[in-house]
There are 2 protein chains.
Amino acid sequence: MSATTETDAYIRLFSRYLREQGLPVTHQREVVADVVFSSVEHLSVDDIEREMRAVGERIGKATIYRTLDLLVKSNLVAENDFGEGFKRYEHRLSREPLHEHLICLHCGTVAEFHDSAVHQIEALVTAQHGFRPIRHKLEIYGLCRECQSAGVSLPREGLICPIDSV
Amino acid sequence: MSATTETDAYIRLFSRYLREQGLPVTHQREVVADVVFSSVEHLSVDDIEREMRAVGERIGKATIYRTLDLLVKSNLVAENDFGEGFKRYEHRLSREPLHEHLICLHCGTVAEFHDSAVHQIEALVTAQHGFRPIRHKLEIYGLCRECQSAGVSLPREGLICPIDSV
DNA sequence: GTCCATGCAAACCTTTTGCACTATA
DNA sequence: TATAGTGCAAAAGGTTTGCATGGAC
């Protein structure tokens with residue numbers, strides 16, 4: 001952790017945010033921020049805890065959750081829910097600020113992409129509905145290249161086209 | 001409930017699915033299906049339970065969950081997670097089979113839309129990544145027309161553009 | 001010295017599961 | 001009658017909270 005000057009700059013940004021809010025900059029908060037800013041993955045709380053222990057830090061889960069709340073509020077970190085039953089966190093620095101996700105249903109790998117057409121759709125649709133957009137989320141679930149090569153296939157179940165067979 | 005012949009047809013479709021799977025068609029399953037197929041809303045389990053009690057049916061939560069699993073497996077019902085901490089269910093009959101959601105962050109109202117450009121994006125992006133798409137989800141969060149008229153505004157917090165201020 | 005954060009454990013909330021009993025086919 | 005479903009309550013799993021202690025400023 002904290003290998004790069006980049007990561008250090010991000011941690012300083014978080015510290016600045018905390019001071020602006022009149023909140024103490026604690027060791028625990030710096031450690032959580034360090035782990036999150038040092039990774040390009042979409043980390044679960046367990047991932048974060050594991051990484052901390054690997055570097056000899058032992059911080060309570062409650063503190064991790066509370067710090068993640070602050071990181072999300074600061075806009076430095078984004079919270080994701082890929083339907084796994086828990087949340088994942090990714091920092092928003094040094095990556096496309098607005099991006100969408102490709103999620104492999106077999107191995108769980110998450111890839112990112114950006115397509116400006118998404119914003120065009122958002123602008124068009126929300127204008128039609130008189131809706132004021134704040135954020136959006138486009139997730140494509142399927143099989144990544146590697147899982148396809150490995151011969152993985154997901155079973156199909158249920159009625160194929162129910163609406164046609166009434 | 002069960003007011004329309006349409007709803008009855010949907011329930012029959014579910015019964016057919018159950019028989020095909022060699023599963024019993026029970027009263028409880030018919031009641032849950034009736035509630036879900038009779039509504040155009042995105043129902044939570046609590047919504048479903050409340051609706052049942054309103055018509056004098058008292059069915060255990062476990063049975064509701066188990067029946068919803070079957071409805072989802074049959075492809076007759078879709079499961080949604082709008083980040084509220086619980087799931088919502090919508091039937092897929094007599095509505096656009098593939099649609100996206102507009103979710104109001106203030107009142108929770110969910111509207112639907114369809115835009116074929118989403119599929120074009122999906123096709124393009126997945127081809128680029130060698131990814132085999134199975135399903136996708138596009139959700140736009142913001143303020144609906146009514147909440148805007150009512151003067152609702154959501155506070156902005158955090159750093160505005162962190163990446164520029166390192 | 002004043003606040004606020006931390007850590008632990010308990011609480012929370014939705015969803016799942018085990019088990020004795022009941023209903024479907 | 002065999003097999004599977006139901007209901008209840010307990011368990012599970014991620015996340016939040018209360019409270020006594022400790023640390024930041």
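Values below: every heavy atom of this structure, side chains too, minus hydrogens, waters and symmetry copies. Convention: sequence-line order gives letters A, B, ...; per-chain numbering from 1.
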Out of [options], which nucleotide sits closest to the side chain of [X]?
| X | options | value |
| --- | --- | --- |
| A:I59 | C:dC4, C:dT15, C:dG7 | C:dG7 |
| A:A62 | D:dT15, D:dG7, C:dA9 | C:dA9 |
| B:Y65 | C:dC4, D:dA24, C:dT14 | C:dT14 |
| A:R29 | C:dT6, D:dC25, D:dA4 | C:dT6 |

Charged N-O contact under 4.0 Å between A:D46 and A:K61: yes
Whole angstroms only, please: what is the [atom1]-[atom2] distance between [X] and [N]?
| X | N | atom1 | atom2 | result |
| --- | --- | --- | --- | --- |
| B:N80 | C:dT15 | CG | P | 13 Å |
| B:L70 | C:dT16 | CG | P | 12 Å |
| B:E49 | C:dT14 | CD | P | 11 Å |
| A:D81 | D:dG14 | CG | C1' | 11 Å |
| A:E30 | D:dA24 | CD | C1' | 11 Å |
| A:Q21 | C:dC3 | CD | P | 19 Å |
| A:K61 | C:dA11 | NZ | P | 19 Å |
| B:F14 | D:dG5 | CZ | P | 11 Å |

Once you apply a heavy-atom cut-off of 4.0 Å, does [X] come out as touching a base, just sugar-phosphate, or nothing?
| X | value |
| --- | --- |
| A:R66 | base |
| A:F86 | sugar-phosphate |
| B:R19 | nothing |

Within the pair [X] and [N], is there a side-chain N or O less than 4.0 Å away from OP1 or OP2?
| X | N | answer |
| --- | --- | --- |
| A:T63 | C:dA5 | no |
| B:Q28 | C:dA23 | no |
| A:T26 | C:dA5 | no |

Answer yes if the ring centres of B:F82 and B:H101 are under 6.0 angstrom apart, and no otherwise. yes
Between B:P24 and B:K87, which has a closest nucleotide on DNA chain C that is more 5'? B:K87
Pick the closest DNA chain C nucleotide for A:H27 and for B:D46 by heavy atoms, then say which residue is nearer the 5' end.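 The answer here is A:H27.
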When the ring planes of B:H114 and B:H119 are compared, do they come out parallel, tilted or perpendicular, using 30° and 60° as the limits? tilted
May I ask you to decide if the ring planes of A:F14 and A:F37 are parallel, tilted or perpendicular, using 30° and 60° as cut-offs?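 It falls in the perpendicular class, over 60°.
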Regarding A:D47 and A:S44, do their side chains bring together a donor and an acceptor under 3.5 Å, going by distance alone? yes
